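Each remark here refers to the structure printed beneath this line.
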Amino acid sequence: MDPKKVADLISEDRLKIKAIYDLFRGQFFGFARRYQLDDSDLSDIYQEAFLALIKHSKNGKLEKVQCSMKTYLFQIGKHMIYDLFKYKGKMVPYDANLRIEREEEINITFDQSDALSTAQRQLRKYFKALDEKCRELLTLFYYRGLTLEEMADKAGLRNANVAKVQKHRCLEKLRNQM
Amino acid sequence: MDHTMLIEKYLQGSLSAKERSEFDILFGSDEEFAREVAFQENLREVVNAEKDPLRKMVGELESEFQENRPTSGTWKKLLVAASIFAVLGLAIFYNLNRPVSSSDLYENYFENYPNVVNPLERGNTANAKDTAFEAYETGRYQEAYDRFRDLLETEDQTYYQFYMANALLELGRAEEAILLLKEYSASEDKLTDRAGWYLAMAYLQLDDKKQAITELEKIVEQGAYNSSEAEQLLAELR
């Protein structure tokens with residue numbers, strides 16, 4: 001894979017990374033049109049795939065890869081598109097499978113820990129739509145790993161019991177949407 | 001122990017051995033319990049992901065990409081105009097600060113590639129492609145760049161990349177142009193053989209004489225597009 005582009009991805013240089021992001025963004029949408037997904041799903045998938053690409057470049061996974069960066073990125077995206085269809089319980093459009101790829105198919109061993117799964121991305125949408133109080137409480141619990149007492153203290157709640165009830169309420173909101 | 005508590009302790013890694021076996025049994029036998037564990041594990045991943053600075057950056061890149069598209073809103077047009085002036089200003093600033101030779105040579109040799117793929121006829125109703133090329137021909141390069149980029153999403157025509165690169169060179173954004181030109185020259189399109197010359201121009205704009213010479217030598221060697229000019233330019237660079 002083009003070592004210059006890989007080096008650009010690893011660099012902390014935002015402009016260089018942005019140039020690559022923009023370079024493939026339009027082409028990815030062109031490529032993914034055939035799956036007839038809406039733009040918000042595609043944008044979501046492109047971001048996730050690009051994030052995985054950066055992570056793979058940082059942990060040295062790209063060095064041995066033979067194909068172009070574009071092919072690699074699109075394969076990750078395609079993997080996620082198929083996953084989305086599976087999640088929604090739908091079939092991949094027949095027509096999309098018939099299209100012959102211009103670039104070679106490659107088999108990517110895709111480490112799920114580098115990206116959020118389809119179910120997680122769905123959950124993320126609902127999480128971001130929660131009110132700020134809920135987001136704060138859930139972050140204190142799941143990210144910081146605080147106990148109910150500590151949560152009550154941080155979030156300015158009366159006691160651990162109130163924190164427990166509030167957390168339960170927030171989880172309930174999320175569950176109802178899934 | 002109550003299920004909620006059991007899951008909480010599991011997520012915080014504080015189950016005792018006895019609780020652990022209770023958890024395992026429930027997880028294997030109670031579908032609803034297993035689903036709840038999966039739900040909360042997913043939620044933990046999501047909450048953690050929100051704190052990932054790389055993810056935050058990618059999210060910003062996406063919003064910037066979407067904001068840069070041409071729309072009918074006037075304030076957005078103003079923003080685009082302002083950014084063109086900023087880019088032009090920067091380009092001028094950089095050119096003034098560069099050693100005279102490279103930028104002079106660039107000025108003398110660079111001319112953007114003419115629109116040969118979509119001749120414009122006056123008076124016809126314009127489609128998206130015409131509008132893009134019209135912007136290009138009349139020197140509205142930022143707009144042309146944005147429009148070509150949008151076209152690339154819907155049409156499978158790689159030469160848009162080539163024209164995008166030309167627009168970027170006009171805007172003084174050689175680094176981005178280089179990425180596009182390299183991408184384009186790997187494709188087999190009708191203008192592919194022209195990419196080398198513009199790659200050389202891009203390096204010249206960046207004052208990277210070494211790379212410019214390498215590209216020019218390739219052109220001369222292969223007798224590719226503009227090879228006589230490439231020869232002349234090489235002589236001046238050496």
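Remember, predicted model here, so these are calculated numbers, not experimental data.
- Crowding of A:Glu63 atom CD: a count of heavy atoms from other residues, nucleotides or ligands under 6.0 Å not exceeding 12.
- Taking non-hydrogen atoms and a 4.5 Å limit, the residue list of residues 121-136 of chain A in contact with chain B, ordered by number, reads A:Leu123, A:Arg124, A:Phe127, A:Lys128.
- Taking B:Leu43, B:Thr4, B:Leu151 one by one and counting their heavy-atom pairs under 4.5 Å with chain A, the maximum is reached by B:Leu43.
- For the atom pair CG of A:Asp2 and CG of B:Leu179, the computed distance is 8.0 Å after rounding to the nearest 0.5 Å.
- Here the CG atom belonging to A:Asp22 is positioned 7.0 Å from the CG atom belonging to B:Leu61, to the nearest 0.5 angstrom.
- If you measure heavy-atom distances from A:Tyr21 to chain B, the contacts under 4.5 Å come from the side chain alone.
- One distance of note links CD1 of A:Ile20 with CD of B:Glu176; it measures 11.0 Å at 0.5 Å rounding.
- Inter-residue side-chain proximity for A:Thr139 and B:Lys51 is flagged as met; some heavy-atom pair is nearer than 4.5 Å.
- Put simply, CD on A:Gln27 and CD on B:Glu183 are 5.0 Å apart, with the number rounded to the nearest 0.5 Å.
- Both the backbone and the side chain of B:Glu8 have a heavy atom closer than 4.5 Å to some heavy atom of chain A.
- Comparing A:Phe50, A:Tyr46, A:Phe29 by heavy-atom pairs within less than 4.5 Å of chain B, the highest count is held by A:Phe29.
- Contacts of A:Phe28 with chain B are absent, with no heavy-atom separation under 4.5 Å from either backbone or side chain.
- Crowding of A:Phe85 atom CZ: a count of heavy atoms from other residues, nucleotides or ligands under 6.0 Å exceeding 12.
- Note that CD of B:Glu62 is 4.5 Å distant from CD of A:Gln47, once rounded to the nearest 0.5 Å.
- For OH of A:Tyr87, the number of neighbouring non-hydrogen atoms (other residues, nucleotides, ligands) closer than 6.0 Å is greater than 12.
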query: Passes salt bridge (Lys or Arg N to Asp or Glu O under 4.0 Å), B:Glu153 versus A:Arg25? Steps please.
result: CA-CA 9 Å; B:Glu153 285 184 17; A:Arg25 166 63 161 76; 3.7 Å; yes
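- Ranked by heavy-atom pairs shorter than 4.5 Å toward chain A, the options B:Gln40, B:Arg55, B:Gln12 are led by B:Arg55.
- Using a 4.5 Å cut-off between non-hydrogen atoms, the part of residues 157-173 of chain A that approaches chain B consists of A:Lys167, A:Leu171.
- The shortest distance between side-chain heavy atoms of B:Asp52 and A:Lys55 falls below 4.5 Å.
- Using a 4.0 Å cut-off between charged side-chain N and carboxylate O, A:Arg175 and B:Glu36 make a salt bridge.
- Among the residues in residues 144-151 of chain A, those with a non-hydrogen atom closer than 4.5 angstrom to a non-hydrogen atom of chain B are A:Gly145, A:Leu146, A:Thr147, A:Leu148.
- Of the atoms belonging to A:Leu23, it is side-chain heavy atoms, and not backbone ones, that fall under 4.5 Å from chain B.
- Heavy atoms of B:Leu54 lying under 4.5 Å from chain A belong to its backbone as well as its side chain.
- When each of B:Arg173, B:Glu60, B:Glu41 is checked for heavy-atom pairs under 4.5 Å with chain A, B:Glu60 comes out on top.
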task: Decide yes or no on side chain to side chain contact (heavy atoms under 4.5 Å, CB included) for B:Met57 and A:Ile54, but give the supporting numbers first.
output: CA-CA 11 Å; B:Met57 182 189 71; A:Ile54 300 181; 4.0 Å; yes
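- Nearest approach of B:Asn48 to A:Tyr142, heavy atoms of both residues: OD1-O, 3.8 Å.
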Determine all donor-acceptor pairs shorter than 3.5 Å in which one atom belongs to a side chain in residues 191-201 of chain B; sequence neighbours excluded.
{"from": "B:Thr192", "atom 1": "OG1", "to": "B:Ser187", "atom 2": "O", "distance (Å)": "3.3"}
{"from": "B:Thr192", "atom 1": "OG1", "to": "B:Asp189", "atom 2": "N", "distance (Å)": "2.6"}
{"from": "B:Thr192", "atom 1": "OG1", "to": "B:Asp189", "atom 2": "O", "distance (Å)": "2.7"}
{"from": "B:Arg194", "atom 1": "NE", "to": "B:Tyr113", "atom 2": "OH", "distance (Å)": "2.7"}
{"from": "B:Tyr198", "atom 1": "OH", "to": "B:Glu111", "atom 2": "O", "distance (Å)": "3.1"}
{"from": "B:Tyr198", "atom 1": "OH", "to": "B:Tyr113", "atom 2": "N", "distance (Å)": "3.3"}

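- Rounded to the nearest 0.5 Å, atoms CD (B:Glu45) and OG (A:Ser117) are 8.5 Å apart.
- In terms of non-hydrogen atom pairs under 4.5 Å with chain B, the most contact-rich of A:Lys58, A:Lys18, A:Arg14, A:Glu48 is A:Arg14.
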